[in-house]
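Working notes for the structure below.
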Amino acid sequence: MDNKSIAGILYETADLMEIDGADSFRIRSYRNAAEAIEAHPQQISDLIGNDKQLLAISGIGKGMLQNLKEMLGEGRLKLHAELLTKYRPSMLQLLKVQGLGPKTIALIWSAYQVSDLEGVESLAREGKIRILPRMGEKHETKLLKAIEDYRRIAGRFLIDVAEKQAEKIADHLRHYPGVEKATPAGSLRRGRETVGDLDILVTGPACCDDTERQKLIDHIIKLPGLMEIIARGENKISFRMRGDMQVDVRLLAPDSFGSAMQYFTGSKAHNVAL
DNA sequence: TGGCAATACTG
DNA sequence: CAGTAT
DNA sequence: GCCA
């Protein structure tokens, strides 16, 4: 288990404790510890057993040390597992909706046993949120808008984040002999403020025959940070990068590069119109 | 053993 | 003012 | 929960 995973569990535990109504300072400690672990230069898993070094990390005390031992020893944190049984994983998603906090989520759960985005949206549409204690019409309206905003942004990346990722991938591609151009298309090329996934178009001699394409794809999968290959075909490979961004790379013969660029830049509606 | 950020919004 | 969210 |  790496530091990122450990921190992730601690963050989630903090969120769940908040829904559970735990002491806010104790919750903060979990977040502080998660942050400290995320930023720690060495792997916590390598330091296990070395209590002195672990306790030297600011934000890690006696109790958190026990939590770390439990996570690395048993692969899980009992508190985390129990809270997930008591409540619902979908509540963690609800927490990301602006204006929806742990208290309100717990309130909705206790009143309706509803814990997911769609369910809460329905309740709001039916006017069932405003009748809850402390809620009102204004809350309900804001909640509906917040859910709409969440849906628009969820699973997408801000353009500057996508741009940096795309540039790294394009560089990797261009370092391969026989690649002339590697250019991002899709919503990134259209300059949208958020991007769902990356579409990168490649052309050059390396794209022109079967053997060469296979060799190029073999090179592509060496890309640092590539976590999972989703699909590998003759002319296209899809993969997921660290950080969950999905990438499609398409290999194109030079004489179809222009039309492909047009098509894959989109938008879909624009293509239909054309 | 006490403190742990400060503030805006809503009912 | 109290509770909640950021 | 952690820290001074």
Side-chain angles (χ1 to χ4, degrees), chain A residues 3 5-40 42 44 47-48 50-74 76-84 86-88 90-112 114-117 120-121 123-154 158:
Chain A
N3 288 0
S5 319
I6 296 171
I9 292 174
L10 293 176
Y11 280 129
E12 276 194 15
T13 306
D15 285 345
L16 291 163
M17 289 167 80
E18 215 159 27
I19 292 171
D20 199 43
D23 177 74
S24 62
F25 297 112
R26 191 160 162 234
I27 293 166
R28 173 191 283 168
S29 288
Y30 275 74
R31 299 215 167 99
N32 287 342
E35 258 187 70
I37 288 167
E38 229 176 357
H40 200 68
Q42 313 159 55
I44 299 299
L47 268 47
I48 208 70
N50 191 339
D51 294 7
K52 208 173 159 193
Q53 261 193 73
L54 288 171
L55 289 170
I57 302 171
S58 174
I60 307 293
K62 203 176 152 215
M64 208 50 72
L65 178 62
Q66 281 311 115
N67 283 337
L68 292 178
K69 286 180 174 172
E70 186 186 337
M71 277 188 269
L72 290 163
E74 304 173 32
R76 71 183 178 91
L77 187 64
K78 202 168 87 190
L79 176 61
H80 179 256
E82 283 176 354
L83 286 168
L84 272 180
K86 188 169 176 185
Y87 299 101
R88 292 289 176 277
S90 56
M91 289 178 178
L92 298 171
Q93 182 187 26
L94 279 184
L95 231 28
K96 291 180 184 139
V97 176
Q98 301 280 15
L100 248 196
K103 297 288 200 283
T104 312
I105 292 170
L107 178 67
I108 294 172
W109 174 248
S110 65
Y112 300 116
V114 166
S115 65
D116 58 69
L117 205 60
V120 172
E121 185 181 22
L123 290 173
R125 285 193 196 291
E126 294 161 14
K128 288 179 177 167
I129 296 295
R130 67 179 76 182
I131 62 178
L132 293 173
R134 292 195 319 274
M135 306 304 280
E137 201 175 332
K138 205 152 186 169
H139 265 123
E140 201 171 76
T141 309
K142 283 184 92 171
L143 179 55
L144 281 171
K145 181 171 181 341
I147 289 175
E148 191 185 313
D149 290 346
Y150 174 82
R151 287 231 168 88
R152 190 158 43 80
I153 296 170
L158 292 176

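These figures come from a predicted structure and were not determined experimentally. Within every chain, numbering begins at 1; the chains are lettered A, B, ... in the order of the sequence lines, protein sequences first and strands thereafter.
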### Task
Quickly, which of A:Lys145, A:Arg125, A:Arg130, A:Lys128 forms a salt bridge (charged side-chain N to carboxylate O under 4.0 Å, His left out) with A:Glu140? Name it, please.
A:Arg130
### B:dC9 OP1/OP2 closer than 4.0 Å to side-chain N/O of A:Lys138
no
#### Entry: Ion pair A:Arg31/A:Asp15, N-O distance below 4.0 Å
yes
#### Entry: Atom CD of A:Glu126: over 12 foreign heavy atoms under 6.0 Å
yes
### Task
Would you mind classifying the nucleic acid contact of A:Ile27 as base, sugar-phosphate or nothing, using non-hydrogen atoms under 4.0 angstrom?
nothing
### Query
CD1 of A:Ile37 versus P of D:dC2: gap in Å, rounded?
11 Å
### Query
D:dC2 C1' sits how many Å from A:Asp51 CG, rounded?
16 Å
### Task
Would you kindly give the CD1-to-P distance between A:Ile108 and C:dG3, to the nearest whole Å?
19 Å
### Task
Starting from P on D:dG1, measure out to OH on A:Tyr11 and report it in whole angstrom.
17 Å
### Task
Check whether any side-chain nitrogen or oxygen of A:Ser24 sits under 4.0 Å from OP1 or OP2 of B:dC4, and answer yes or no.
no
### Message
Measure CE/A:Met64 against P/D:dC2 and give the value in whole Å, please.
### Response
5 Å
### Task
Would you check if there is a donor-acceptor pair between the side chains of A:Tyr11 and A:Glu35 at a distance under 3.5 Å?
no
### Task
Describe the nucleic acid contact of A:Pro133 in one word from base, sugar-phosphate, nothing, applying a heavy-atom distance below 4.0 Å.
nothing
### Task
Mind calculating the distance between OH (A:Tyr30) and P (D:dC2) to the nearest angstrom?
8 Å
### Query
Which one, D:dC2, C:dA5, B:dT10, comes nearest to the side chain of A:His139?
B:dT10
### Query
Atom CZ of A:Phe25 and atom C1' of B:dT1: how far apart are they, to the nearest Å?
14 Å
### Query
Yes or no on salt bridge (charged side-chain N to carboxylate O under 4.0 Å, His left out) for A:Asp20 and A:Lys86, after CA distance, side-chain angles and deciding distance?
CA-CA 9 Å; A:Asp20 199 43; A:Lys86 188 169 176 185; 2.9 Å; yes
### Summary
Whole-Å distance, A:Leu143 CG to C:dA5 P, equals 11 Å
### Euclidean distance for P, B:dA5 against D:dC3 (whole angstrom)
15 Å
### Message
Please pick, from C:dT6, B:dA5, D:dG1, the nucleotide with the shortest atom-to-atom distance to any side-chain atom of A:Gln98.
### Response
C:dT6
### Message
Checking contacts here: which listed nucleotide (B:dC4, C:dT4, B:dC9) is nearest the side-chain heavy atoms of A:Lys142?
### Response
B:dC9
### Task
Choose from D:dG1, C:dT4, B:dT10 the nucleotide whose nearest atom is closest to any side-chain atom of A:Asp23.
D:dG1
### Message
At 4.0 Å (heavy atoms only), tell me whether A:Ile105 reaches a base, stays on the sugar-phosphate, or touches nothing.
### Response
nothing
### Query
Think A:Arg134 has a side-chain N or O under 4.0 angstrom from the OP1 or OP2 of C:dT4?
yes
